[in-house]
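Written below as structure tokens is the structure these notes are about.
Quick caveat: nothing in here was measured; it's all calculated off a predicted structure. Each ligand, and each atom within it, is numbered from 1 in the order the structure gives.
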Amino acid sequence: MSHHYIKAENLDYTYYGGTKAIEDISFYIGHGEKVALVGANGAGKSTLLLLLNALLFTQRGSIDIGNTIITEKTASYIRRKVGFIFQNSDNQLFMPTVDEEIAFGPRNMGLPNDEVEKRVDMALEAVKCQDLKYSVTSHLSGGQKRSIAIAAVLAMDPEILLMDEPSSNLDPYSRRLLIERIKSFSHTCIIATHDLEMVWELCPRSIAISEGKIIYDGPSKSLFYDKELLKECRLEQPYLAQIEQMKESEKIRNCN
Ligand SMILES: Nc1ncnc2c1ncn2[C@@H]1O[C@H](COP(=O)(O)OP(=O)(O)OP(=O)(O)O)[C@@H](O)[C@H]1O
Ligand SMILES: [Mg+2]
């Protein structure tokens, strides 16, 4: 995987039972881009991320990740390269203790024990949860689980990062750590979120979906000022955009 682009063409996904979650979705995301995926509850964000991580398979079209087409055969390769933070950490964490949880991925990649140990400590340091190293995973709080899920993915040193509502449940300190960590991640990154303040800081580009279809793909700044689109995505204008708009109208008033 030399170039970590993502090229999705004409994706469709209908769940067993008939819910059409994804309909004719196409986009290209270049190496190193940080893209927000926004949309109302049930819009199809998580389903799209599951398709991109080969946990579900598109029923039409194709997904090409760095010159590898996602199929059932390439799925395990894709999952090694593409780190995925689940919307619900309980779906991600399955080992009895935190150190075993974080070691699981690197060990599965065949890394030697001393490297696995190093990665566990580095990942815990990244989320500032060293004190949780030997904790029982199922006893952690919601926010602690989220931080450990993030650490477990970081320990695998992924080439592409997909995150489903990564800031939910995090206290402001842990959210800030996450934002700084994502800023320093130089590879491609897609973040499904309702947290537009985080999008403001991290993602120059946003893709908005509604009822499984892309309704906007462009600069996040334009989305922040498009009240109709924000309404359709059931989002509120970020605080910083409101301040900028107030400053602009003040300037105009002062000129008149
Ligand atoms: N396992 C499933 N079986 C059947 N339908 C599903 C399943 N998972 C999701 N859906 C349906 O697919 C649609 C898209 O759901 P999805 O979880 O992708 O939305 P989302 O944008 O991630 O929403 P949220 O913001 O609430 O996380 C919804 O109508 C949902 O009810
Ligand atoms: Mg979701």
Residue list, ring-ring contact (aromatic ring centres under 6.0 Å, His included) with Phe27, at least two apart or on another chain: none
May I ask you to test the Leu162-Val82 pair for a side-chain heavy-atom distance under 4.5 Å? yes
Sub-4.5 Å side-chain heavy-atom contact between Arg175 and Glu180: no
For the Mg ion (ligand 2), angle spanned by Gln87 OE1 and Ser46 OG (nearest 10°) is 80°
With hydrogens left out, which residues have an atom under 4.0 Å from ligand 1, given that only heavy atoms count? Tyr15, Thr19, Ala21, Ala40, Asn41, Gly42, Ala43, Gly44, Lys45, Ser46, Thr47, Gln87, Glu165, His194
When you compare the side chain of Leu51 with that of Ile63, does any pair of heavy atoms fall below 4.5 Å? yes
Heavy atoms of other groups near Lys133 NZ, more than 12 under 6.0 Å: yes
Below 6.0 angstrom between ring centroids: does that apply to Tyr13 and Phe57? no
